[in-house]
S.K.: 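Take this structure, written in structure tokens, and hold onto it; I'll ask about it next.
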Amino acid sequence: MTYETIAIEARGPVDWLTFNRPEALNSINNQMVADLSDYFGRLPHAQGTRIVVMRGAGRAFCAGLDIKAQGSEPAPFAGGFGFQGWLADVYVKMRRCPQPIISLIHGAACGGGFAFALASDIRIAGESAKLNAAFIKLGLSSCDMGTSYFLPRLVGASLAAELMMTGRFIHAPRALATGLVSQVVPDAELETAGEALVAEMLATSPIGLRMTKEGLNFAIDAPSLEAAIALENRNQLMCAASDDFKEGLAAFLEKRAPNYGA
């Protein structure tokens, strides 16, 4: 698909999604919401896409909402919540899609852009990365776009409260120290770091990778150990019955790299 505000480059089974409004620091307007909603809505049916890598063109990852553009166009009904519900649904679609999402963050990731990073499965930061819950700086609540759900699960309640109640930036070194990101590299090496991670993930089985994302999503909110293990048992039996497992086991015994299908 061709979109106006995002660019999708398919590198084999990996989609490299680039926020492509560099003149506006990749801020979110109505068209970007429409583009992202359509793209992530298609992913559950995209068998050939195994991983998504998100990044921003120009000087920033995504500077959040394009405030100047707000109100210039009508938004869909979106469950009765207008633009609010329309954009929020993008983050739900990111978590529901079976493909792991890697965010490569440089420059500003603010507000809704911060939430894009939080809704990803893995975050790698460039040295210039600075992230914040900018909502509260505008007189709004920082409990927005899934931030109140994602952030405390990633960094704990105390740091989440600090960041959300002040809107202060967290820069790359502290983001790494607190587990918000898993790696920090020079900005120029972000793509290389992403490619290395993608290569390792593509060496896993397609069904195993999908079931791992699903299992992690459910386990984070599991009401008990037994509930988490019940889902693990279900997913593991599904994987064990697949051709991917047969190939993975054969490759292990034959001391060769596995050749998985789609």
S.K.: Can you tell me if CG on Asn233 sees more than 12 non-hydrogen neighbours from other groups inside 6.0 Å?
M.R.: yes
S.K.: For the CZ atom on Arg96, are there more than 12 heavy atoms of other groups (residues, nucleotides or ligands in this structure) within a distance under 6.0 Å?
M.R.: no
S.K.: Distance from Arg153 atom CZ to Ile220 atom CD1, nearest 0.5 Å?
M.R.: 7.0 Å
S.K.: Given the side-chain rings of Phe61 and Phe116, with only the six-membered ring counted for Trp, is the space between their centroids under 6.0 Å?
M.R.: no
S.K.: Any side-chain heavy atom of Ser148 sitting closer than 4.5 Å to one from Ser142?
M.R.: no
S.K.: If you compare all heavy atoms of Gln183 against all heavy atoms of Leu176, which two are closest, and at what distance to 0.1 Å?
M.R.: N-CD1, 3.8 Å
S.K.: Test of understanding: with ring-ring contact (aromatic ring centres under 6.0 Å, His included), list the residues that count as partners of Phe150, not counting sequence neighbours.
M.R.: none
S.K.: To check you understand the geometry: which heavy-atom pair defines the closest contact between Gly126 and Leu190, and what is its length?
M.R.: N-CD2, 3.6 Å
S.K.: What are the two closest heavy atoms between Met164 and Ile136, and how far apart are they?
M.R.: O-CD1, 3.4 Å
S.K.: Measuring only between side-chain heavy atoms, which start at C-beta, is Ile101 closer than 4.5 Å to Lys213?
M.R.: yes
S.K.: Taking Ile28 as the starting point, is it possible to reach Tyr3 by hopping between hydrophobic residues whose side chains are less than 4.5 Å apart?
M.R.: yes
S.K.: Could you label the plane-to-plane angle of the Phe169 and His171 rings as parallel, tilted or perpendicular, counting under 30° as parallel and over 60° as perpendicular?
M.R.: tilted
S.K.: Could you pull out all residues at least two apart from Arg59 that satisfy side chain to side chain donor-acceptor pair (under 3.5 Å)?
M.R.: none
